[in-house]
**Q** 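Could you have a look at this structure, given as structure tokens, before my questions?
Values reported hereafter were calculated over all heavy atoms of this structure, with side chains retained and with hydrogens, waters and symmetry mates removed.
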Amino acid sequence: MSDQARSLRVLVADDNPVVRAGLSALLGAHPGIRVVAEAPDGAEALTLAARHHPDVILLDARMPGTDGLTALPELSRLAPVLMITYSAEPEVRTEAARRGARGYLVHGRFTTAELLDAVRATAEAPAVAEGPLPLPVRSSPPTRHEPHQFPSHLQPRVAQSSKARFARATAFGRRPPDHRDFGLSSREVEVMDLIASGMNNRQIAATCFISEKTVKNHINRIFAKLHSASRSEAIAHWLGTAHQGRSA
């Protein structure tokens, strides 16, 4: 079976074209995940889900026309649904769970690794007849779970961090460097992973929901910490393919 055949097929539904593009670019840059369709509202998501048969649907809660919550019951019968939205209100999370969502993430409050893990976990979760489903919610820093919310199954898998970086580095027969070796912040690690995946500044800005100017500032700091003058040099350091014999 080909790698493409084994890939998780994802439909992204969000009324903001920048958000759709950012999510699609981020997911599409990782092996094993393929975005097969994008929808600007719930009605189009229903049409595209019936046509493309995705393994996972990423769905915004609030969209013009047919919103995510309205379309959710029917969408959840077509494919597992992961809500990814700006709505952090507990009542919205509870209603999403009641209507069939298998997970819930709030923009700006999850990492790239957590998003990828949530997509995979959503695809693998068993269906539940009624009530909240046993999949990830991430709307704030980890705390104890309140009643009627999604308990998080993300933490053990998030601990694996950047799987793509590990795979690339080990393909060259080297240990992937620990980001602490370079003194990067958690945001700089995220940006550097996106650079290594091939994204440009605009795509990184859309994915991280920050401005391109902020991306450039992060990149300048990353280059300084990695002692690099270009993207390719920074990627080589990041993946452990440069200066192999730093000191063993």
Side-chain angles (χ1 to χ4, degrees), residues 8-24 26-27 33 35-46 48-49 54-143 145-155 157-158 206-207 209:
L8 284 178
R9 296 161 52 83
V10 177
L11 186 156
V12 177
D14 194 295
D15 62 303
N16 187 326
V18 175
V19 173
R20 288 200 310 273
L23 289 171
S24 295
L26 174 60
L27 294 171
I33 298 178
V35 176
V36 295
E38 299 178 21
D41 56 43
E44 184 69 11
L46 284 166
L48 293 174
D55 299 304
V56 178
I57 298 171
L58 269 58
L59 182 66
D60 188 15
R62 293 177 176 148
M63 296 180 284
T66 304
D67 66 21
L69 288 176
T70 300
L72 179 52
E74 191 169 349
L75 283 172
S76 65
R77 289 193 286 271
L78 297 174
V81 176
L82 171 63
M83 304 300 294
I84 181 164
T85 178
Y86 286 101
S87 303
E89 298 90 339
E91 58 270 21
V92 177
R93 297 198 298 268
T94 300
E95 186 63 16
R98 189 184 70 80
R99 295 185 182 209
R102 299 194 185 184
Y104 196 104
L105 297 175
V106 175
H107 286 301
R109 301 183 185 181
F110 55 86
T111 66
T112 299
E114 287 171 330
L115 172 61
L116 295 171
D117 282 337
V119 169
R120 296 183 184 108
T122 299
E124 295 167 3
V128 177
E130 295 180 358
L133 300 175
L135 272 169
V137 57
R138 186 66 185 275
S139 59
S140 60
T143 59
H145 300 294
E146 299 175 12
H148 310 301
Q149 293 186 2
F150 304 95
S152 175
H153 285 195
L154 283 177
Q155 300 311 315
R157 304 175 72 177
V158 170
T207 299
F209 307 100

**Q** Is there a donor in the side chain of Thr66 and an acceptor in the side chain of Asp41, or the other way round, less than 3.5 Å apart?
**A**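 Note: Thr66 and Asp41 side chains miss the donor-acceptor criterion.
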
**Q** Kindly indicate whether the side chain of Arg62, heavy atoms from C-beta on, has any atom under 4.5 Å from the side chain of Val92.
**A** yes

**Q** Set out, in order, the CA-CA distance, both residues' side-chain angles and the distance that settles side-chain contact (heavy atoms from CB on, under 4.5 Å) for Leu82 and Tyr104, then state yes or no.
**A** CA-CA 6 Å; Leu82 171 63; Tyr104 196 104; 5.8 Å; no

**Q** Let me confirm one number: the CG-CG distance from Asp67 to Asp15, rounded to the nearest 0.5 Å.
**A**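 Here the rounded value is 10.0 Å.
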
**Q** Quick test of your reading of the model: are Arg99 and Glu95 salt-bridged, counting only N-O distances below 4.0 Å?
**A**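 Counted as a salt bridge, because a side-chain N and a carboxylate O are separated by less than 4.0 Å.
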
**Q** Report the C-alpha distance between Leu59 and Ile84 in whole Å, list the side-chain angles of each, state the deciding distance to 0.1 Å, and finish with yes or no for side-chain contact (heavy atoms from CB on, under 4.5 Å).
**A** CA-CA 6 Å; Leu59 182 66; Ile84 181 164; over 6 Å; no

**Q** For Ser76 and Gly100, work out which heavy atoms get closest and say how close.
**A** CB-O, 3.8 Å

**Q** Short question: side chain of Arg20, backbone of Asp14 - any donor-acceptor pair under 3.5 Å?
**A**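 Side chain of Arg20 to backbone of Asp14, a donor-acceptor pair under 3.5 Å: yes, one is there.
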
**Q** Nearest 0.5 Å please: distance from the CG atom of Asn16 over to the OH atom of Tyr86.
**A** 6.5 Å

**Q** Looking at Asp55, Leu78, Val56, Ile57, which hits side-chain contact (heavy atoms from CB on, under 4.5 Å) with Leu11?
**A**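 One option only clears the test, and that one is Ile57.
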
**Q** How close do Ala39 and Leu48 get, counting heavy atoms only, and between which atoms?
**A** CB-CD1, 3.9 Å

**Q** With side-chain contact (heavy atoms from CB on, under 4.5 Å) as the test, pick out the partner of Leu105 among Leu115, Thr122, Val119.
**A**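 Exactly one option meets the side-chain contact (heavy atoms from CB on, under 4.5 Å) with Leu105, and it is Leu115.
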
**Q** For the pair Glu114 and Arg120, find out whether any cationic side-chain nitrogen is under 4.0 Å from an anionic carboxylate oxygen.
**A** no

**Q** How far apart are the closest heavy atoms of Met63 and Gly42, and which atoms are they?
**A** CE-N, 3.6 Å

**Q** Hey, mind stepping through Leu27 and Leu58 against side-chain contact (heavy atoms from CB on, under 4.5 Å) and telling me if it holds?
**A** CA-CA 11 Å; Leu27 294 171; Leu58 269 58; 3.8 Å; yes

**Q** Quick check: closest heavy atoms across Pro54 and Ala79, and the distance to 0.1 Å?
**A**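 Nearest pair, atom of Pro54 first, then Ala79: O-CB, 3.3 Å.
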
**Q** Before you tell me yes or no, could you show the steps for Val81 and Met83 under side-chain contact (heavy atoms from CB on, under 4.5 Å), namely the whole-Å CA-CA distance, both residues' side-chain angles and the distance that decides it to 0.1 Å?
**A** CA-CA 6 Å; Val81 176; Met83 304 300 294; 3.9 Å; yes

